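One structure is given below, encoded as structure tokens.
For clarity, every value in this text was computed on a predicted model and none was experimentally measured. Residues take their numbers from the sequence shown, with the count starting at 1.
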Amino acid sequence: MQESGKVVVVSQHYPPDPSTTAAIMAAISERLAQEADVLVLSGTAGSAIAPSAGKPEVVEVRNRMPGKARLLKRALAELLFTARTFVAMLAKLRRGDVTVTVPAPFMLPYAFAAAAKLKGARSVLIMHDLYPDVLVMAGLLKPKSVLAKAMHALNAPMFRALDAVVIIGRDTEKLLLRYRGMTRDKIRFIPNWATLPPGVRAIAPDNPYRRSLLARYVVGLSGNLGFTHDPVIVFEAARLLRDNSDIHFLLSGWGVGFDQLKALQAKAKLPNVTLVDRVEDEQLEAFLSAADAWIIPYRKNVAGVSVPSRFYNLLAIGRPVILVSEADAEAALTVTEHDVGWVVEPGNADELAKTVGRAAVSIDPQRAERAAEISERFDFRIAMDEYCGLIRELAQKKLD
């Protein structure tokens with residue numbers, strides 16, 4: 001990298017925030033810090049740390065985060081955070097720096113790209129979610145609403161200003177290329193990675209999350225259940241299978257979707273459903289090993305918009321995945337290309353119930369082995385080498 005340049009990572013979420021985004025951005029920042037000076041502009045309270053050898057410096061940008069269900073207050077808070085971050089970037093960036101961010105909050109990339117351009121810095125956007133598409137998918141925006149049209153209009157100049165866009169799913173590329181400001185040479189495919197070592201975990205009767213369940217086959221749900229997910233389809237599939245004593249649903253997570261599941265179960269009291277509050281990282285491997293298969297339920301139109309990070313850990317432990325999504329979504333492509341699970345049409349609880357029933361009577365040890373083997377492609381070291389290579393390339397590139 002250029003001796004005069006540094007890397008500035010901008011992230012609303014950073015440890016001690018327990019989110020997946022925080023963990024990803026911290027991993028990238030710490031790996032880049034082995035090769036360059038790294039400054040993190042963080043929106044998480046308690047994240048600030050002084051620089052040290054081989055470690056990034058973390059500076060907090062004041063940020064208040066209301067609950068996700070309080071949409072208006074959250075939008076105003078995120079707008080303020082974006083404005084504060086823009087000012088912080090103008091103060092901290094220097095010509096020749098390389099800066100990296102993710103679209104959280106969704107308005108941040110616009111301010112990020114503008115600040116980088118004004119200061120003569122290179123810019124990289126890691127496309128975890130594509131806006132406004134993800135808001136439309138979640139039902140929070142109408143496709144032809146004023147806000148959706150405004151975001152589409154702003155995306156083109158933003159993409160022109162960016163030097164690189166990292167996509168974590170192959171299905172995102174075609175959506176990005178709709179914009180005149182985006183070209184294929186700016187797009188880099190760097191998928192996320194498994195955090196658990198690959199290897200088939202045995203189904204153990206004494207597993208603490210399984211031993212109280214009498215069913216022969218356990219299907220699970222785990223992770224953040226946000227506006228893009230459809231937990232209701234899982235509950236309705238469980239309702240359809242309530243008389244099948246061989247199958248039990250082990251459901252865990254957090255977010256608005258898990259609150260939905262709690263409310264549904266409080267009313268229905270299905271005998272084949274067990275709810276477990278959010279599982280801490282130390283217990284994640286044991287929890288994921290408790291089920292025979294795992295469901296990832298998305299709403300319609302997920303292709304190109306969002307990729308489930310939890311998918312890679314499910315493969316790593318050797319579990320088949322039942323994915324509720326379009327067939328051309330990134331995770332669905334992996335499932336079908338390597339026969340490591342099933343893909344179900346979004347919104348079709350009957351089909352999901354039938355698929356769970358088929359999975360329960362078609363247990364295939366080779367499918368589990370394939371899943372663990374495939375997960376080796378989604379390796380932390382491979383991803384970090386790709387990120388370092390991209391940052392190095394941009395740092396050495398002549399400025400306009």
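A search for ring-ring contact (aromatic ring centres under 6.0 Å, His included) contacts involving Phe189 returns nothing, not counting sequence neighbours. Not counting sequence neighbours, the partners of Glu285 by the side-chain hydrogen bond (donor to acceptor under 3.5 Å, both in side chains) test are Arg201. For Glu393, the side-chain hydrogen bond (donor to acceptor under 3.5 Å, both in side chains) partners two or more places apart in sequence, or in a different chain, are Arg188.
Membership of an apolar cluster is not assigned to Leu214, as no side-chain contact below 4.5 Å to another ILVMFWY residue is traced.
A distance of 10.0 Å separates CG in Leu41 from OG in Ser11, rounded to the nearest 0.5 Å.
Annotation: salt bridge (charged side-chain N to carboxylate O under 4.0 Å, His left out) contacts involving residues 312-330, sequence neighbours excluded, comprise Arg170-Glu330, Lys174-Asp328. Screening residues 341-353 for side-chain hydrogen bond (donor to acceptor under 3.5 Å, both in side chains), with sequence neighbours left out, gives Glu345-Asn348.
Aromatic ring orientation, Phe287 versus Tyr209: perpendicular (interplanar angle above 60°, classes split at 30° and 60°). In this structure, Tyr312 and Phe378 have tilted ring planes: the angle between them lies in the 30° to 60° band.
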### Task
Any chance you could lay out the side-chain contact (heavy atoms from CB on, under 4.5 Å) test for Val100 and Tyr387, step after step, and finish with the verdict?
CA-CA 10 Å; Val100 182; Tyr387 276 111; 5.8 Å; no

### Task
For Asp97 and Lys6, run salt bridge (Lys or Arg N to Asp or Glu O under 4.0 Å): C-alpha distance rounded to whole Å, both residues' side-chain angles, the deciding distance at 0.1 Å, then the answer.
CA-CA 5 Å; Asp97 290 347; Lys6 64 181 179 297; 2.6 Å; yes

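The local environment of CZ in Arg62 is sparse, with at most 12 non-hydrogen atoms from other residues, nucleotides or ligands closer than 6.0 Å.
Ionic pairing of Asp385 and Arg31 is present here: one or more N-O contacts between side-chain nitrogen and carboxylate oxygen are shorter than 4.0 angstrom.
Leu118 is listed as a side-chain neighbour of Phe86, based on a closest heavy-atom distance under 4.5 Å. Counting heavy atoms from C-beta outward, Gln265 and Leu261 have side chains that stay 4.5 Å or more apart.
The closest donor-acceptor contact from the side chain of Arg299 to the backbone of His229 lies under 3.5 Å.
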